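Numbers restart at 1 for each chain; the letters A, B, ... are given by sequence-line order, proteins then strands. Nothing here was measured: the structure is a model prediction, and the numbers come from that model.
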Amino acid sequence: METSTEKSILQIDSYQPQAIEAKWQKQWEETGLYKTDIEESHMPKYYALSMFPYPSGRLHMGHVRNYTITDVIARFKRMHGFNVLHPMGWDSFGLPAENAAIQNNIPPADWTFSNIDYMRKQLKQLGLAVDWDREVATCKEDYYKWTQWMFLYLYQRGLAYKKEAPVNWCEQCHTVLANEQVIDGRCWRDDSLVTKKKLNQWFFKTTEYADRLLKNLESLKGWPERVLLMQKNWINKSIGAEVEFAVEGRDIKIPIFTTRPDTIFGVTYMVLAPEHPLVELLVSEDYRESVQQYIENTKLKSEMDRTATDKEKTGLPLGINAINPYTGEAIPVWISDYVLVEYGTGAVMAVPAHDERDFAFAQKFQLPIRRVIEQSGQAGQPGQALKAAYTEPGVLIASGEFTGLDSETAKEKITRLAHDKGFGKEKIQYRLRDWLVSRQRYWGTPIPIIYCDHCGTVPVPDEDLPVRLPKDVDFTVKGVSPVATSPSFKNAPCPKCGTMARRETDTMDTFVDSSWYYLRYIDPHNETKPFEPQLIHQWMPVDQYVGGIEHAILHLMYSRFFMMALSDSGWTEQDEPFKNLLTQGMVLKDGAKMSKSKGNIVDPDAIFKEFGADTARFFILSDSPPQADFDWKESAVEGCFKFLCRVWRCVTQHQSAISFSLALPAYEEMSGETRELFQWTNRTVGGITTDIETQFQFNTVISKIREFVNYLSKFEPGEEPNAVYSHAIAALLKLMAPITPHLAQELWVISGGDGALYTQSWPKWDAVATQSDVVEIVVQVNGKVRDKFTVASGLPQSTLEEMARQRPKVIQQIGDQQVVKVIVVPNKLVNIVAK
RNA sequence: GGGCGAGUGGCGAAAUGGUAUACGCGCUAGUCUUAGGAACUAGUGGAGCAAUCCGUGCAGGUUCAAGUCCUGUCUCGCCCA
């Protein structure tokens with residue numbers, strides 16, 4: 001890169017983005033332009049937040065898009081007089097660092113921090129209006145100390161607990177996974193099949209807040225509908241009944257959960273999950289061996305394979321019967337893998353006539369199918385054979401005293417009977433599980449717990465935090481956390497009795513780290529608390545959160561859980577962290593997903609070097625709305641660069657006409673081209689402001705900027721200072737400032753502007769002055785465009801109608817037909833209806 | 001199978017029920033130039049010499065007027081089963 005650009009800037013020869021950008025970035029950093037005074041209270045607060053990156057090595061275009069969007073919003077709000085908080089940090093614990101350590105023998109910390117240094121440099125090159133003094137990294141002691149504090153906070157409130165349970169195990173990652181991290185039976189990270197393992201693990205009690213997590217969704221008006229829906233489906237509340245079926249000849253009762261108690265007279269058998277603890281106890285000797293074989297086979301199947309409706313059903317009878325408490329009837333008990341032990345009670349009553357999977361199972365094993373619900377209004381033929389399960393609600397038939405009731409009423413009465421007679425009750429069931437947070441990995445926050453032979457499970461006292469990650473570990477071990485290989489870590493005195501005890505060697509899921517980082521940004525250097533509650537009250541919730549849709553459930557739900565838990569004891573005032581959420585689309589390359597294997601990665605460094613950050617920012621906002629996928633095309637980037645060059649020429653070519661201190665004449669006194677220019681300016685400012693305020697429609701914002709510049713380049717302001725022209729240029733630069741901050745700032749200064757555009761106020765606009773003096777009227781005959789004419793705006797409807805009817809083309813079209821109706825839309829259109 | 005969303009030029013895409021294709025990419029022709037992969041100018045949905053006709057996945061409907069609203073249907077995407 002040439003170094004002689006300083007001269008050409010002074011000569012305002014041509015657009016030199018690299019020199020301009022470096023110059024302003026340096027100046028902004030030195031003057032602390034983007035520092036947020038958190039205590040300042042004159043301006044209303046605005047918290048703009050991007051999902052912080054994992055420091056994988058280098059920035060990718062998805063990052064560039066994400067942070068550009070948030071940056072434009074932050075700058076836009078600052079120019080509207082808000083005190084903006086726009087922080088950045090690093091989600092810096094995680095597996096890749098550990099894998100790099102194994103492969104290249106580099107300590108995870110070294111790998112991570114060198115990546116952070118590189119990516120921070122890249123982000124600074126992008127020109128973000130970020131307050132870097134608030135930077136956090138979740139892998140640093142001054143952060144994970146407080147993550148541990150959070151763990152203990154939850155532990156003390158009974159929201160963190162340890163239990164043995166069958167958990168998701170990813171062989172590839174050598175660790176367990178939370179339910180949310182298993183997608184279609186595969187690991188969210190590496191797509192390998194997840195198996196079940198029975199382990200003693202730490203959980204966060206997300207189910208404690210199931211109802212609140214669900215209910216609060218209604219208040220999140222600023223979230224995309226589909227994210228709300230995904231969370232709602234994930235929590236999946238179902239209201240039903242738990243009913244106990246006695247086992248024939250044994251003193252054992254099997255509770256089942258059903259959402260359809262109205263179908264209970266149609267039960268013809270019962271199914272237990274193969275892992276159900278009662279199976280061992282119940283199975284008759286004849287079946288024991290084959291049942292054991294079946295259980296072994298089940299372990300190899302994924303949840304997806306087990307529950308898919310289109311999969312062939314398998315199962316075995318246990319050779320015993322259960323008694324339906326409503327009918328007294330004995331029904332066979334089976335096991336099958338389509339029933340999951342984690343869901344409900346791990347046992348279902350099977351009603352093949354009214355449940356698809358039960359129907360498929362009954363058909364395969366020739367179990368009876370008994371119809372007890374019929375569509376309301378249809379004459380009942382209970383004996384008729386069903387071709388498929390009827391799963392809709394309806395009217396009960398062949399159901400004893402409940403016959404004739406509709407499903408809703410029957411559910412209620414049948415459940416009440418169970419309650420009255422003591423063999424069941426109403427039950428609300430959620431699909432949401434508790435969050436499994438233990439990980440058998442090294443590069444994460446150590447769980448601050450000590451196990452003492454005398455005192456049991458003992459939390460590490462606050463004053464002993466952080467529990468530091470040891471460095472003397474062996475990364476090559478499998479199946480246990482590498483932390484467990486550290487000789488210095490494993491043993492520690494019990495905080496209660498002082499005798500030698502064992503430390504917990506698992507670390508926390510990295511989603512724990514990211515569940516509260518937005519709070520730490522507000523008070524990042526606090527050494528005595530995770531944050532000062534007073535400041536949180538002042539700054540939360542996040543006004544605009546921007547990130548990928550892939551976190552629709554995981555990160556967003558965990559964060560909501562944290563806020564609820566913290567708000568319950570007043571650490572936060574609000575219980576929802578993110579007021580508005582924007583989920584940006586992916587960045588594609590020529591219509592395909594960017595990936596290393598396809599070799600179609602666009603490297604931000606190369607773009608910065610060739611065109612500059614402003615071109616990258618401008619382009620990535622230009623072609624699609626932020627929510628949609630964005631296609632990166634080389635030729636289109638060049639087009640954007642050329643456009644910025646045109647902006648440069650446009651603003652620099654008539655410098656003598658620009659003087660920002662001139663007073664604008666009154667609108668009524670403007671005439672001719674000047675008046676038109678003023679109208680153009682007002683229209684552009686108004687349109688762009690609306691586009692940003694309503695939907696963050698940056699693609700149309702950019703098309704409006706282009707139209708305005710196209711117009712301005714042809715405008716001849718003359719040699720003398722021109723107030724209206726200067727006003728137009730000032731407006732253009734302010735409108736562009738959030739998107740191309742360096743270019744706008746440079747041109748602002750070249751044109752004689754003072755100070756930072758960042759702190760200038762957003763241009764005002766007058767709706768009255770957006771209207772052109774002349775308008776084109778479209779004339780339709782019977783709804784088809786036949787003619788157009790141009791007139792002064794604001795003419796009355798009757799005049800427009802009269803003018804339209806006199807047009808030769810219109811007269812010709814009407815011919816000898818009768819005009820039955822005329823519709824006039826002022827300043828726009830006349831439609832003549834003739835028959 | 002259920003829910004949600006989307007289908008508009010060669011491509012990315014615009015359009016409070018009111019001129020469909022703004023803005024851009026690409027393409028064509030021209031001007032300037034030693035040169036052009038720079039800049040500028042003009043053109044660019046389809047058919048037709050033309051008047052004109054046809055055009056927003058498909059089929060209907062409501063309306064003076066439908067890309068937009070309603071009903072059905074097909075395809076694709078996502079989520080849930």
Scan [X] against the nucleic acid and name what it touches under 4.0 Å (heavy atoms): base, sugar-phosphate only, or nothing.
X	answer
A/Lys714	sugar-phosphate
A/Leu829	base
A/Asn236	nothing
A/Val833	sugar-phosphate
A/Glu776	base

Could you state the [atom1]-[atom2] distance from [X] to [N], rounded to the nearest angstrom?
X	N	atom1	atom2	answer
A/Lys809	B/U52	NZ	P	6 Å
A/Gln231	B/C80	CD	C1'	14 Å
A/Lys835	B/C64	NZ	P	9 Å
A/Asp631	B/C25	CG	C1'	11 Å

Between [options], which nucleotide gets closest to the side-chain atoms of [X]?
X	options	answer
A/Asn831	B/A13, B/C25, B/C64	B/C64
A/Leu229	B/C53, B/G3, B/C23	B/G3
A/Lys821	B/A20, B/C4, B/C64	B/C64
A/Arg706	B/G24, B/C80, B/U19	B/G24
A/Trp234	B/A22, B/C80, B/C25	B/C80
A/Asp623	B/U19, B/G12, B/A22	B/G12
A/Arg357	B/A14, B/A81, B/G18	B/A81
A/Lys828	B/G18, B/C40, B/G12	B/G18

Report task. Please say whether more than 12 non-hydrogen atoms of neighbouring residues, nucleotides or ligands are located less than 6.0 Å from CZ in A/Arg786. Result ->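 Yes, because the 6.0 Å sphere around CZ of A/Arg786 holds more than 12 heavy atoms from other groups.
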**Report entry** Quiz item: A/Gln780 side-chain donor-acceptor pair to B/U19 base, under 3.5 Å
**Finding:**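 Not at all, since no donor on one side and acceptor on the other fall under 3.5 Å apart.
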**Report entry** Polar side-chain contact A/Asn233-B/C80 base: donor and acceptor under 3.5 Å
**Finding:**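 In this structure, the two groups form no donor-acceptor pair.
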**Report entry** Residue from A/Val810, A/Asn831, A/Leu800 passing side chain to side chain contact (heavy atoms under 4.5 Å, CB included) with A/Val779
**Finding:**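 The side chain to side chain contact (heavy atoms under 4.5 Å, CB included) with A/Val779 is passed solely by A/Val810 among A/Val810, A/Asn831, A/Leu800.
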Query raised in the report: Between A/Asn233 and A/Arg431, does any side-chain donor sit less than 3.5 Å from a side-chain acceptor?
Result: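 No, A/Arg431 and A/Asn233 have no side-chain donor paired with an acceptor closer than 3.5 Å.
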Query raised in the report: When you compare B/A59 with B/G5, how far apart are their P atoms, in angstrom units rounded to a whole number?
Result: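 Here B/A59 and B/G5 have their P atoms 24 Å from each other.
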**Report entry** B/G1 - base-pair partner by Watson-Crick or wobble geometry, distances under 3.5 Å
**Finding:**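 When the pairing criteria are applied, B/C80 turns out to be the nucleotide that pairs with B/G1.
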Query - Pairwise side-chain contact, A/Phe643 with A/Ile705, heavy-atom cut-off 4.5 Å (strictly under) - result: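 Yes, close enough: below the 4.5 Å cut-off.
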Requested in this report: Specify the glycosidic conformation (syn or anti) of B/G9, with syn defined as within 90° of 0.
Outcome: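 Syn conformation for B/G9.
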